[in-house]
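The structure appears right after this line, and notes come after that.
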There are 2 protein chains.
Amino acid sequence: MSKSVIAPDLVGTAACCPPLLARPITQAQADHVAPLLKALADPVRLRLLSLVAAHAGGEACGCDLGDAFDLSQPTISHHLKVLLDAGLLDREKRGVWAYYRVRTGVLASIAQLVADAPG
Amino acid sequence: MSKSVIAPDLVGTAACCPPLLARPITQAQADHVAPLLKALADPVRLRLLSLVAAHAGGEACGCDLGDAFDLSQPTISHHLKVLLDAGLLDREKRGVWAYYRVRTGVLASIAQLVADAPG
DNA sequence: CGCAGCCATAGACGGTCATCGATATCTGGG
DNA sequence: CCCAGATATCGATGACCGTCTATGGCTGCG
């Protein structure tokens, strides 16, 4: 069964340092970061992430998220799971509802990788 | 097919401003940025980009790039074309050789979108 | 001109992905 | 205990992606 397990810890350390444009990244680094970017590389998931992040308190209920799209509930749930498995999102279930929160640290790592030398 | 035309100008302006985590991005913005991330979301293309950027003078000859991978020459050419069509790379043909250069501005736009408010 | 080397394109093939409808699971309320 | 609503999972399907081999178009050299 799934649990695609991308090892967010490894990403956290591997993606933070080499700015991609400064010197050639290793194959291992590329292999670790690519799945994260792949999880991001979808309009629905980008909007989901943005919706969650911009929501009051930094967290959003799944019941709210579906309304913004013309997609079925299983499809939304699927995209949320992709973001979850990639380590870009956190889920907390309270009662009947599921609340999502963005892992801003991972996002920041990706940005740092893609960005040119920030200095 | 061919010429997938992602309108790099539009991306340049659309991706620069909203930090994704600050407020919900529009569907149009997501639709414009997702193909860029998709072009990035491949280990081979990440390494290609990094190799080109880190090369002397900021440009690299295609003949050098293939040596770093266990892939056929057409496959490398294909990945370079994907990066080219996405507007992440520039190509200049001098004599027999093709020289590639990273469009750092587009990369910076992506980073700015993904990044949290830097302040 | 003819050969050799660099690069791009075309077509094919297997794998992965996005989406759906149907269904299962869980929770709270009457 | 049973129902209703929220969410997750399953299985199928059509589209897309990464890779290959084969081939074609260039350029420079003898």
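Model, not experiment: these values are computed from the prediction. Chain identifiers are assigned alphabetically (A, B, ...) following the order of the sequence lines, protein sequences preceding nucleic acid strands; residue numbering begins at 1 within each chain.
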Between [X] (side chain only) and [Y] (backbone N and O only), is there a donor and an acceptor less than 3.5 Å apart?
X	Y	result
A:Arg47	A:Ala68	yes
A:His78	A:Pro74	no
A:His55	A:Leu51	no

Write down the distance between [atom1] ([X]) and [atom2] ([N]), rounded to a whole number of angstrom.
X	N	atom1	atom2	value
A:Leu80	D:dT9	CG	P	11 Å
A:Trp97	D:dA8	CH2	C1'	17 Å
A:Ile76	D:dT7	CD1	C1'	12 Å
B:Glu92	D:dC26	CD	C1'	17 Å

From the options [options], select the nucleotide whose nearest atom is closest to the side chain of [X].
X	options	value
B:Ser77	D:dT19, D:dA8, C:dT9	C:dT9
A:His78	C:dC7, C:dT19, D:dT7	C:dT19
A:Cys63	C:dT9, C:dA18, D:dT7	D:dT7

Give a yes or no on whether A:Leu65 and A:Leu46 share a hydrophobic cluster (residues Ile, Leu, Val, Met, Phe, Trp, Tyr; joining criterion: side-chain heavy atoms under 4.5 Å apart). yes
Between B:Ile76 and B:Tyr99, is there shared hydrophobic-cluster membership here, with clusters defined by ILVMFWY side-chain heavy atoms closer than 4.5 Å? no
Assign B:Tyr99 to base, sugar-phosphate, or nothing according to its heavy-atom contacts below 4.0 angstrom with the strands shown. nothing
Would you classify B:Phe69 as touching base, sugar-phosphate or nothing, given that sugar-phosphate means primed atoms plus P, OP1 and OP2, and contacts are heavy atoms under 4.0 Å? nothing
Note on DNA chain C: ranges paired as stems (three or more Watson-Crick/G-U pairs in a row, both atom distances under 3.5 Å) are C:1-4 with D:27-30, C:7-30 with D:1-24
I want to check one thing: is the phosphate of [N], taken as OP1 and OP2, less than 4.0 Å away from some side-chain N or O of [X]?
X	N	value
B:His79	D:dT19	yes
B:Ser72	D:dT19	no
B:Thr75	D:dG18	no

Strictly under 4.0 angstrom, non-hydrogen atoms only: write out the protein contact profile of nucleotides 22-28 of chain C, one letter per nucleotide from the 5' end, B, S or -. B----SS
With salt bridge (Lys or Arg N to Asp or Glu O under 4.0 Å) as the criterion, how do A:Arg103 and A:Asp90 come out once you've worked through the C-alpha distance, each side chain's angles and the decisive distance to 0.1 Å? CA-CA 7 Å; A:Arg103 282 189 171 270; A:Asp90 262 346; 3.3 Å; yes
Quick one: on DNA chain D, does A:Arg91 or A:Lys38 contact a more 5' nucleotide (nearest heavy atom)? A:Arg91
